[in-house]
Colleague: 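Sharing a structure with you now.
For reference, positions follow the sequence shown, starting with 1.
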Amino acid sequence: QVQLVESGGGLVQAGGSVRLSCVVSGRTFSLYAMGWFRQAPGKERELVAAISGSGFSTEYAPFVKDRFTISRDNARSIMDLEMNSLKPDDTAVYYCAAGNERSLNAKYTTWGQGTQVTVSS
C-alpha cells in the first residue's frame with residue numbers, strides 16, 4: 001500500500017523560509033511524477049509545483065515561481081519543497097501527491113495527510 005507522509009510545516013514570518021518533505025513508501029518512487037498542492041481556508045486545492053519521475057522536468061504555479069523549488073531524491077524516495085520569500089497568502093495546508101505515471105501529465109491519485117504552513121505578517 002502506497003503511503004505519503006509530509007513533514008516540515010509550521011509558523012514562519014513573512015519573508016522567511018520553510019522546507020517541506022514527503023517520504024513515500026510502498027511503490028517504486030522513480031516511476032511516478034510527484035506534486036505539491038495546497039488548500040487555503042475557503043479555497044479550492046491548487047497545484048503548487050510538480051516534478052517528473054526522473055526529476056528532469058518541473059512545473060510551478062505562477063504565484064510561486066522563483067520563490068519555491070521542488071526536488072526529489074529517487075534513491076531515498078523523498079520529495080522536497082523549498083519555500084522562500086514566504087507571504088501571508090502562502091498560508092495553507094500543503095499536500096504531497098503521487099501521480100499515476102512518470103510525466104507531468106500524470107493524474108494525482110494518492111495523497112498525504114497534509115501539513116500546515118502559516119505565514120504571519
Side-chain angles (χ1 to χ4, degrees):
Q1 185 176 356
V2 180
Q3 285 191 315
L4 284 64
V5 179
E6 301 101 333
S7 62
L11 176 64
V12 62
Q13 288 189 331
S17 299
V18 166
R19 187 179 188 91
L20 304 181
S21 293
C22 175
V23 178
V24 180
S25 60
R27 69 176 358 178
T28 304
F29 185 64
S30 62
L31 294 181
Y32 303 97
M34 296 290 297
W36 286 100
F37 291 74
R38 70 185 188 186
Q39 187 167 20
K43 294 189 176 181
E44 298 281 322
R45 187 175 298 189
E46 59 186 356
L47 176 69
V48 174
I51 188 166
S52 64
S54 66
F56 292 146
S57 298
T58 58
E59 67 175 332
Y60 294 91
F63 54 78
V64 302
K65 196 167 174 61
D66 296 331
R67 297 190 298 127
F68 293 7
T69 302
I70 190 171
S71 62
R72 66 190 294 161
D73 182 340
N74 283 348
R76 297 168 62 210
S77 298
I78 295 176
M79 174 181 66
D80 289 333
L81 184 69
E82 181 73 28
M83 304 190 293
N84 300 312
S85 302
L86 284 162
K87 308 173 183 179
D89 285 349
D90 294 318
T91 295
V93 177
Y94 284 73
Y95 296 91
C96 164
N100 60 355
E101 60 166 286
R102 281 190 176 99
S103 79
L104 295 177
N105 295 321
K107 299 286 190 287
Y108 293 93
T109 55
T110 305
W111 297 82
Q113 81 284 358
T115 185
Q116 176 72 45
V117 174
T118 302
V119 184
S120 62
S121 57

Colleague: If you measure from OG on S77 to CE on M34, what distance do you get to the nearest 0.5 Å?
Modeller: 9.5 Å

Colleague: Which heavy atom in A98 sits nearest to a heavy atom in R27, and how many Å separate them?
Modeller: CB-NH1, 3.1 Å

Colleague: Kindly give the heavy-atom pair with the smallest separation between A33 and S103, and that separation in Å.
Modeller: CB-O, 3.3 Å

Colleague: Rounded to the nearest 0.5 Å, how far apart are CG of D80 and CZ of R72?
Modeller: 11.0 Å

Colleague: Side-chain contact test, heavy atoms from C-beta onward, threshold under 4.5 Å: evaluate it for R45 versus W111 and give yes or no.
Modeller: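 With C-beta onward as the side chain, the pair touches.
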
Colleague: Do M79 and Y32 land in one hydrophobic cluster if side-chain heavy atoms of ILVMFWY residues count as linked below 4.5 Å?
Modeller: no

Colleague: Decide yes or no for V119 and K87: does some side-chain heavy atom of the first lie under 4.5 Å from some side-chain heavy atom of the second?
Modeller: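 With C-beta onward as the side chain, the pair stays apart.
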
Colleague: Shared ILVMFWY cluster between V18 and I70, side chains joined below 4.5 angstrom?
Modeller: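 In one cluster: yes.
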
Colleague: Write down the atom of V12, the atom of L86, and the distance for their closest heavy-atom approach.
Modeller: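 The pair with the smallest heavy-atom distance is CG1-CD1, 3.6 Å.
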
Colleague: Looking only at heavy atoms, what is the nearest atom pair of P88 and S121, with distance?
Modeller: CG-CB, 3.8 Å

Colleague: If you look at every heavy atom in E82 and R19, which pair is closest and at what distance?
Modeller: OE1-NH1, 2.5 Å

Colleague: Mind checking what makes salt bridge (Lys or Arg N to Asp or Glu O under 4.0 Å) contact with E46, not counting sequence neighbours?
Modeller: R38

Colleague: Transitively linked via ILVMFWY side-chain contacts under 4.5 Å: L81 with F63?
Modeller: yes

Colleague: Check whether any side-chain heavy atom of W36 lies under 4.5 Å from a side-chain heavy atom of C96, and answer yes or no.
Modeller: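 Yes, at least one pair of side-chain atoms sits under 4.5 Å.
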
Colleague: Just by distance, do the side chain of D73 and the backbone of I78 share a donor-acceptor pair under 3.5 Å?
Modeller: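 The answer is no, because no donor-acceptor pair under 3.5 Å joins these two groups.
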
Colleague: Go through the structure and list residues passing salt bridge (Lys or Arg N to Asp or Glu O under 4.0 Å) with R67, not counting sequence neighbours.
Modeller: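 With sequence neighbours excluded, R67 shows a salt bridge (Lys or Arg N to Asp or Glu O under 4.0 Å) to D90, given in chain and number order.
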
Colleague: Picking from Y108, Y95, Y94, what satisfies ring-ring contact (aromatic ring centres under 6.0 Å, His included) with F37?
Modeller: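 Of the listed options, the one satisfying the test is Y108.
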
Colleague: First locate atom OG1 of T91, then atom CD of Q116, and finally report the distance between them rounded to the nearest 0.5 Å.
Modeller: 7.0 Å

Colleague: For S57, which residues count as a side-chain hydrogen bond (donor to acceptor under 3.5 Å, both in side chains) partner, sequence neighbours excluded?
Modeller: none

Colleague: Could you report the tightest heavy-atom contact between L47 and A61, atom names first, then the distance?
Modeller: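 Closest pair (atom of L47, atom of A61, distance): O-CB, 3.4 Å.
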
Colleague: Of the options I51, T69, D66, which is the one that meets Y60 in a side-chain contact (heavy atoms from CB on, under 4.5 Å)?
Modeller: T69

Colleague: Indicate yes or no: at least one non-hydrogen side-chain atom of E6 is less than 4.5 angstrom from one of L20.
Modeller: no

Colleague: Considering only heavy atoms from C-beta outward, does the side chain of S52 approach that of R102 to under 4.5 Å?
Modeller: no

Colleague: How long is the straight-line distance from CG of N74 back to OG of S54, given to the nearest 0.5 Å?
Modeller: 8.0 Å

